Number of protein chains: 2
Amino acid sequence: MPPAKFDREQVLRSAMNTFVQKGYSKTSMQDLTKSTGLHPGSIYCAFENKRGLLLAALLQYKSDSELSFEAYFSHDLPVLQSLKLYLDSIVVDCAQKGEYKACLLTRALTEIADQDDEVKSVISESLYDWQKAFHKQFELAVESKELSANCNIPHMARYLSMGIYGLRTFAQTQTTRDVLQELADQLFDDIRRLSLEPSH
Amino acid sequence: MPPAKFDREQVLRSAMNTFVQKGYSKTSMQDLTKSTGLHPGSIYCAFENKRGLLLAALLQYKSDSELSFEAYFSHDLPVLQSLKLYLDSIVVDCAQKGEYKACLLTRALTEIADQDDEVKSVISESLYDWQKAFHKQFELAVESKELSANCNIPHMARYLSMGIYGLRTFAQTQTTRDVLQELADQLFDDIRRLSLEPSH
DNA sequence: AGATATCTTGAATAAACATTCAAGATATCT
DNA sequence: AGATATCTTGAATGTTTATTCAAGATATCT
């Protein structure tokens, strides 16, 4: 039976969801065979083991996130306007009751990074790439004179990342939309201020 | 052998450390017997089970954190100055290489909250109490005219909590002290601005 | 159609795990 | 000193877990 191979992306998205929902340790192989529709043997053949499946799922998540990022920032809107839309989408994401909607990267980071250097570096690099994507957008905006030429772009990108991490953590204890929106708006204001003021 | 009972606080601090370092799921009973010096039977007798030990450790962590908080804010310094010192101490905490220095509450929250409602509410309430502690300090500062009378205190407390969550998450990928300090300083500036400006 | 190579299947395996409990030890009380 | 109650101890238990592998199934090739 050579063909009939499963759809790798779809399998990884299922695994992704299961890992985000239950966490890595509490996700059993049985959970994964159920959610992916694959049998144990197939998983071990394709991904070596549970850890390999996590690594693959992390890369898929990264790739999906990049596409989503592009979708927000590729229009010809001013960066700050795109950023506002992007932040609002995170608020919507976080405000979903019931289904646990977190970031797989940060969730896996807090859960297992300190015990597995390879997983940690995959996650760290992915998160850093995401931060660099903000960086790049801000740079483009400086070139097009939207932002002040002497604003501190690396600092802004880092502070923005930090704020979003915080927002997502905050959302785990409080899912009231208004509160989350207010926090996101505040973060946006603070980033905007940094983008206009010269760095000191 | 009636007396010779173990020192409950010390046991809980050991358990606390183990849980923070390895995470709840990856912490085995063997790890806990090793770190606490207690035998399985004693743990089950005193805390019912592993989950009970976590719950007790969470409460101990909360209580310890409150004492530490008081230590920073009970002097007669202006609130903003105490806050600065408090934030700096978090930076120092996060910048420790090697030993994983996170907040047990947020770590446990991301790992297990979505599967255990009791654990979740214990954590949520603890974190909310911590947020309220900021709240209270800001209120006192308004009364003493240090802060503007019409600043939005609940908003400030929430934004501060969010920022610290974010800082701690950020520190898991980047432990360069200068970078963390810069982020904490930025957070401080933004909170200070909120404390002086009238809310809009 | 038969042979072959490749992929699928899921029961079997072995290790790790939380939890229990009966035997042993010590202090207090009579 | 003896009896009793309480606490300690850690090997045994039964469950859950990730992982393997040999048998079975299907498509392609000759």
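All chains are named by letter (A, B, ...) in the order of the sequence lines, taking the proteins before the strands, and each is independently numbered beginning at 1. Quantities reported herein were computed from a predicted structural model and do not represent experimental measurements.
- Rounded to the nearest 0.5 angstrom, A:Y61 OH and A:E66 CD are separated by 11.5 Å.
- Taking atom CG of residue A:L32 and atom C1' of nucleotide D:dT16, one finds them 15 Å apart after rounding to whole Å.
- Across all strands shown, A:T33 has no heavy atoms under 4.0 Å from either base or sugar-phosphate atoms.
- Note on residues 142-190 of chain B: pairs passing ring-ring contact (aromatic ring centres under 6.0 Å, His included), not counting sequence neighbours, are B:W130-B:Y165.
- Of the N and O atoms on the side chains of A:S35 and A:T18, at least one donor lies less than 3.5 Å from an acceptor on the other residue.
- For the residue pair A:T176/A:D178, the side-chain donor-acceptor check at 3.5 Å is not satisfied.
- Across the protein-nucleic acid pair, B:K26 atom NZ and C:dA18 atom P stand 13 Å apart, rounded to whole Å.
- Salt bridge status for A:K22 with B:D114: absent, with no side-chain N to carboxylate O gap under 4.0 Å.
- The nearest whole Å value for the distance from the NZ atom in A:K34 to the C1' atom in C:dT9 is 17 Å.
- For residues 43-58 of chain B, the side chain to side chain donor-acceptor pair (under 3.5 Å) pairs, not counting sequence neighbours, are B:R51-B:D116, B:R51-B:E118.
- The shortest side-chain heavy-atom distance between B:L12 and B:T36 does not fall under the 4.5 Å cut-off.
- The distance from atom CD of B:E48 to atom C1' of C:dA18 is 13 Å, rounded to the nearest whole Å.
- As judged by a 4.0 angstrom heavy-atom cut-off over every strand, B:S25 is placed among residues making no nucleic acid contact.
- Rounded to the nearest 0.5 Å, atoms NZ (A:K62) and CG (A:D129) are 3.5 Å apart.
- Consecutive Watson-Crick or G-U pairs involving DNA chain D, each under 3.5 Å on both distances, make up stems of three or more pairs at C:1-30 with D:1-30.
- Taking a 6.0 Å sphere around CD of A:E70, one finds it holds more than 12 heavy atoms contributed by other residues, nucleotides or ligands.
- A heavy-atom distance below 4.0 Å to DNA chain C is reached by these residues of residues 37-47 of chain B, ordered by number: B:P40, B:G41, B:Y44.
- Contact check of residues 49-61 of chain B against DNA chain D (heavy atom, cut-off under 4.0 Å) returns no residues at all.
- In this structure, the side chain to side chain contact (heavy atoms under 4.5 Å, CB included) partners of A:S68, at least two apart in sequence or on a different chain, are A:Y72.
- Following rounding to the nearest Å, A:Q30 (CD) and C:dG10 (P) show an atom-to-atom distance of 13 Å.
- Side-chain heavy atoms closer than 4.5 Å link hydrophobic residues (I, L, V, M, F, W, Y) into clusters, and following such links, even through other members, never connects B:F134 to B:L140.
- What separates NZ of A:K22 from P of D:dA18 is a distance of 10 Å, to the nearest Å.
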